[in-house]
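One structure, pasted below without further comment.
Just so it is clear, the structure is predicted and the values come from calculations on it, not from any experiment.
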Amino acid sequence: MHAGTTVMSGRVPRWKRVHAWPTRVLLCAVLSLAAAAPLLWADDAGAVALIGDQEVSRDELLAAAASDLEAREMEALRCQAEAVRGRHDVLEASLRQLVLERLLALEAARTGATVAAVEADIQAAAAPVRDQDIETFYDRNQDRIGRPLAEVAGQIRTFLERQALVRVRDEFFAIVEARFGVEYLLDPLRFEVAADGFAARGEPDAAVTIIEFSDFECPFCVRVQPTLERVMEQYAGRVRLVYRHFPLTSIHPQAWKAAEASLCAGEQDRFWEYHDVLFAEQHAMTVPDLKEKARRIGLAGAEFDACLDSGRHSEAVRNDLLAGTAAGVSGTPAFFVNGRFLSGAVPYDHFAELIDDEVARMERP
């Protein structure tokens with residue numbers, strides 16, 4: 001935490017969150033409308049400016065603005081995905097609130113108390129915050145807080161009190177949910193991301209499809225590969241893994257060409273072997289390195305070189321990038337398990353939980 005900031009106020013439970021329209025949402029709306037609006041031209045002849053008897057054509061304008069226009073398009077896609085996710089968060093939080101209100105009423109009726117009395121009992125069950133607790137928290141977070149304990153002790157106390165209440169409430173509602181039997185039927189948020197026509201492993205008709213958006217220069221993408229191998233082994237026949245590209249060229253300048261190279265290897269049916277070599281040797285990603293790797297794994301060198309030099313797969317990489325952005329991807333690795341989003345190099349249990357839940361949903365009558 002930087003100097004001058006306040007101690008965090010605590011994680012507010014979803015059922016207690018207040019949903020507003022922040023500036024970010026309004027900005028997203030404007031960007032989305034702007035991206036969807038048709039470009040206006042000076043005339044029907046294709047000129048957008050006249051300098052004496054010289055014309056500036058619309059094609060020149062589009063070429064000059066291409067990079068900035070693409071950035072705006074990407075931002076609009078991100079905003080749209082954020083709006084979709086935000087809407088679903090509101091629905092989940094509102095459903096949770098409705099369920100918990102009814103559970104409180106049911107528990108009050110069961111015990112012969114009022115709802116207010118049940119609420120008071122929950123609050124009373126939260127452990128009081130001691131001065132020692134405040135000092136311990138401060139000692140562990142002093143570098144982030146950056147202010148004297150005397151200045152922030154009150155804020156820390158409020159934060160710890162809220163955390164204690166959240167824990168007690170969560171424990172209480174877990175008990176009453178089990179007591180009265182609660183089943184949430186609202187379908188989880190899913191993004192429609194195309195899976196056909198891309199490099200894939202596993203059975204085509206597998207019950208669960210995992211779409212991976214990745215970057216060959218990304219260290220976290222390397223870290224998650226053993227986890228994906230374990231998933232494919234443990235769920236053999238039930239999971240299909242699809243690879244799509246999301247090169248973060250602002251920090252990984254060679255990732256785009258590496259993505260193209262993998263697709264060139266795919267033309268010779270060696271995508272996955274080349275994929276493994278790229279991840280194993282992230283220190284060597286120049287174009288000569290990419291060509292050397294192709295030869296080392298036995299690809300036809302001349303064909304590979306011609307493919308890579310032509311840049312014919314650049315548009316495919318760009319389309320992957322746009323598709324990922326439209327589904328809310330902003331970093332790598334990112335995954336969609338039957339459309340359900342997982343972000344980062346998450347552990348095996350995160351995948352297993354979603355896969356098992358998807359299989360269970362399919363088996364429900």
Quiz item: How long is the gap from CE on M285 to CH2 on W256, to the nearest 0.5 Å?
Solution: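 Between atom CE of M285 and atom CH2 of W256 there are 15.5 Å.
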Self-check item: Set of salt bridge (charged side-chain N to carboxylate O under 4.0 Å, His left out) partners for E267, sequence neighbours left out
Solution: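 Scan of E267 (salt bridge (charged side-chain N to carboxylate O under 4.0 Å, His left out), adjacent residues dropped) gives R312.
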Quiz item: Does the pair S343 and F341 meet the rule for a side chain to side chain contact (heavy atoms under 4.5 Å, CB included), with working shown?
Solution: CA-CA 7 Å; S343 179; F341 185 58; 3.7 Å; yes
Quiz item: Which heavy atom in E203 sits nearest to a heavy atom in G237, and how many Å separate them?
Solution: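 Looking at all heavy atoms of both residues, the shortest contact is CG-CA, 4.0 Å.
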Exercise. To the nearest 0.5 angstrom, please state how far the CD atom of Q155 sits from the OH atom of Y138.
Key: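 Q155 CD to Y138 OH: 12.0 Å, rounded to 0.5 Å.
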Self-check item: Where V115 and A105 come nearest, the two heavy atoms and their spacing
Solution: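 Taking every non-hydrogen atom into account, CG2-CA, 3.9 Å.
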Quiz item: Does one hydrophobic cluster hold both I297 and Y243, with members joined at side-chain heavy-atom distances below 4.5 Å?
Solution: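 Yes, same cluster.
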Quiz item: Got F216 and S262 here, is their nearest side-chain heavy-atom distance under 4.5 Å?
Solution: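 F216 reaches S262 side chain to side chain.
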Exercise. Inspect the surroundings of CZ in F220 and state if more than 12 heavy atoms from other residues, nucleotides or ligands are less than 6.0 Å away.
Key: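 Atom CZ in F220 is not packed in, count stays at 12 or less.
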Quiz prompt | Whether S94 side chain and L91 backbone form a donor-acceptor pair below 3.5 Å | solution =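 It does not hold such a pair.
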Self-check item: E82 bridged to R85 by N-O distance under 4.0 Å
Solution: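 Looking at E82 and R85, the cut-off is not met.
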Quiz item: If two hydrophobic side chains count as joined below 4.5 Å and joins carry through other members, does L98 share a cluster with V182?
Solution: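 Hydrophobic grouping puts L98 apart from V182.
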Practice problem: Quick one: which residue pairs count as a ring-ring contact (aromatic ring centres under 6.0 Å, His included) with a foot in residues 295-334, not counting sequence neighbours? | Solution: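 Only Y274-F304 qualify under ring-ring contact (aromatic ring centres under 6.0 Å, His included).
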Quiz item: Does any N or O in the side chain of S310 come within less than 3.5 Å of the main-chain N or O of C307, such that one atom is a donor and the other an acceptor?
Solution: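 Answer holds: yes.
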Exercise. Give the intermediate values and the outcome of side chain to side chain contact (heavy atoms under 4.5 Å, CB included) for residues F172 and D121.
Key: CA-CA 10 Å; F172 170 80; D121 288 343; over 6 Å; no
Quiz item: Is L263 reachable from V242 through a run of hydrophobic residues whose side-chain heavy atoms are each under 4.5 Å from the next?
Solution: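 Yes, it is one cluster - the side chains of V242 and L263 are joined through contacts under 4.5 Å.
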Quiz item: Can you list the residues that meet the disulfide bond (SG atoms under 2.5 Å apart) rule with C221, with sequence neighbours excluded?
Solution: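 Scan of C221 (disulfide bond (SG atoms under 2.5 Å apart), adjacent residues dropped) gives none.
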Quiz item: Taking the side chain from D357 and the backbone from E353, do they hold a donor-acceptor pair closer than 3.5 Å?
Solution: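 Side chain of D357 to backbone of E353: no pair is present.
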Quiz item: Between E75 and R72, is a salt bridge (charged side-chain N to carboxylate O under 4.0 Å, His left out) present by the stated rule, with each step listed?
Solution: CA-CA 5 Å; E75 181 64 21; R72 297 299 182 272; over 6 Å; no
Quiz item: Out of curiosity, does Y348 fall in the hydrophobic cluster containing V224 (side-chain heavy atoms, cut-off under 4.5 Å, transitive links)?
Solution: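 Yes, one cluster joins them.
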Self-check item: Pairs touching residues 275-284 that satisfy side chain to side chain donor-acceptor pair (under 3.5 Å), sequence neighbours left out
Solution: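 For residues 275-284, and leaving out neighbouring residues, the side chain to side chain donor-acceptor pair (under 3.5 Å) pairs sorted by first residue read E281-K293, E281-R296.
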Quiz item: With sequence neighbours left out, what residues match D133 under salt bridge (charged side-chain N to carboxylate O under 4.0 Å, His left out)?
Solution: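 With sequence neighbours excluded, D133 shows a salt bridge (charged side-chain N to carboxylate O under 4.0 Å, His left out) to R130, given in chain and number order.
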Quiz prompt | Any residue meeting side-chain hydrogen bond (donor to acceptor under 3.5 Å, both in side chains) with D68, in chain and number order, not counting sequence neighbours | solution =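 None.
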Self-check item: Summary of salt bridge (Lys or Arg N to Asp or Glu O under 4.0 Å) pairs that have at least one residue in residues 215-243, sequence neighbours excluded
Solution: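 Salt bridge (Lys or Arg N to Asp or Glu O under 4.0 Å) check on residues 215-243 returns D196-R240, R201-E229.
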Practice problem: Quick one: list whatever passes ring pair (Phe, Tyr, Trp, His ring centres under 6.0 Å) with F246, sequence neighbours left out. | Solution: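 If we apply the ring pair (Phe, Tyr, Trp, His ring centres under 6.0 Å) test to F246, skipping adjacent residues, there are no hits.
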Quiz item: Between P247 and V317, which heavy-atom pair has the shortest distance, and what is it?
Solution: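 Shortest heavy-atom contact: CG-CG1, 3.7 Å.
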Quiz item: How many angstroms lie between CG in L278 and CD in E273, if you round to the nearest 0.5 Å?
Solution: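 Answer rounded to 0.5 Å: 11.0 Å.
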Quiz prompt | For E151, salt bridge (charged side-chain N to carboxylate O under 4.0 Å, His left out) partners two or more places apart | solution =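 For E151 the salt bridge (charged side-chain N to carboxylate O under 4.0 Å, His left out) partners, ignoring immediate neighbours, are R147.
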Quiz prompt | Heavy-atom closest contact (A302 atom, R295 atom, distance) | solution =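 Heavy-atom minimum between the residues: N-NH2, 4.1 Å.
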Practice problem: Check the surroundings of atom CD in E292: do more than 12 heavy atoms from other residues, nucleotides or ligands lie under 6.0 Å from it? | Solution: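 Yes, CD of E292 has more than 12 neighbouring heavy atoms, counting only those of other groups under 6.0 Å.
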Quiz item: Are any of the side-chain nitrogens in E161 or R167 under 4.0 Å away from the carboxylate oxygens of its partner?
Solution: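 Result for this pair is no, no salt bridge flagged.
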Quiz prompt | Of all pairs that satisfy side chain to side chain donor-acceptor pair (under 3.5 Å), the ones with a partner from residues 324-339, not counting sequence neighbours | solution =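 Checked against side chain to side chain donor-acceptor pair (under 3.5 Å) - neighbours excluded - the pairs reaching residues 324-339 are N338-E358.
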Quiz item: Quick one: does T286's side chain have a donor or acceptor within less than 3.5 Å of a partner on D289's backbone?
Solution: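 Yes.
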Quiz item: How long is the span from the CZ atom in R270 to the CG atom in L299, to the nearest 0.5 Å?
Solution: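 Nearest 0.5 Å value for the CZ-CG distance: 5.5 Å.
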Quiz prompt | side-chain contact (heavy atoms from CB on, under 4.5 Å) against R110, all qualifying residues, sequence neighbours excluded | solution =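 R110 satisfies side-chain contact (heavy atoms from CB on, under 4.5 Å) with E107, R179, F180 once adjacent residues are dropped.
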Quiz prompt | Distance flag, aromatic centroids of F198 and F271, threshold under 6.0 Å | solution =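 Not under 6.0 Å, so no.
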Exercise. Before giving the answer on side chain to side chain contact (heavy atoms under 4.5 Å, CB included), spell out for L321 and H245 the whole-Å C-alpha distance, their side-chain angles and the decisive distance to 0.1 Å.
Key: CA-CA 6 Å; L321 192 65; H245 302 279; over 6 Å; no
Exercise. Mind checking salt bridge (charged side-chain N to carboxylate O under 4.0 Å, His left out) for D131 and listing every partner two or more places apart, or none if nothing turns up?
Key: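 Scan of D131 (salt bridge (charged side-chain N to carboxylate O under 4.0 Å, His left out), adjacent residues dropped) gives R157.
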Quiz item: Between F351 and F335, is the ring centre distance below 6.0 Å?
Solution: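 Here the rings of F335 and F351 have centres that are less than 6.0 Å from each other.
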Quiz item: Going through the distances and angles, do R318 and E73 end up as a salt bridge (charged side-chain N to carboxylate O under 4.0 Å, His left out)?
Solution: CA-CA 12 Å; R318 180 180 181 276; E73 181 182 359; 3.5 Å; yes
Exercise. For the pair K257 (side chain) and L308 (backbone), establish whether a donor and an acceptor sit closer than 3.5 Å, ignoring hydrogens and angles.
Key: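 Side chain of K257 to backbone of L308: a pair is present.
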Practice problem: Output, in order, the C-alpha distance, side-chain angles, deciding distance and verdict of side chain to side chain contact (heavy atoms under 4.5 Å, CB included) for V359 and E363. | Solution: CA-CA 6 Å; V359 172; E363 293 175 350; 3.5 Å; yes
Quiz item: Roughly how far apart are R140 CZ and I145 CD1, rounded to 0.5 Å?
Solution: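 That separation rounds to 12.5 Å.
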Quiz item: Under 4.5 Å between side-chain heavy atoms, hopping through other hydrophobics if needed: is there a path connecting M232 to F336?
Solution: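 No, no single cluster joins them.
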Exercise. Run the numbers on E212 and Q225 for side-chain hydrogen bond (donor to acceptor under 3.5 Å, both in side chains), then give the verdict.
Key: CA-CA 11 Å; E212 173 188 6; Q225 294 308 305; 3.2 Å; yes
Quiz item: For A195 and I211, which heavy atoms make the closest approach, and how far apart are they?
Solution: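 That would be CB-CD1, 3.8 Å.
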Self-check item: Minimum heavy-atom distance L62-L69, with the two atoms named
Solution: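 Between these two residues, the closest heavy atoms are CD2-CD1, 4.0 Å.
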Quiz item: Quick one: SG on C218 to CD1 on I251, what's the gap to the nearest 0.5 Å?
Solution: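 These two atoms lie 7.5 Å from each other.
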Quiz item: Are side-chain N/O atoms of Y235 and D356 paired as donor and acceptor at under 3.5 Å?
Solution: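 Judged by distance alone, the side chains do pair up.
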Exercise. Answer yes or no: is there a donor N or O on one side and an acceptor on the other, between the side chain of R244 and the main chain of A194, under 3.5 Å?
Key: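 Side chain of R244 to backbone of A194, a donor-acceptor pair under 3.5 Å: yes, one is there.
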Practice problem: Kindly indicate whether the side chain of I156, heavy atoms from C-beta on, has any atom under 4.5 Å from the side chain of L160. | Solution: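 Yes, at least one pair of side-chain atoms sits under 4.5 Å.
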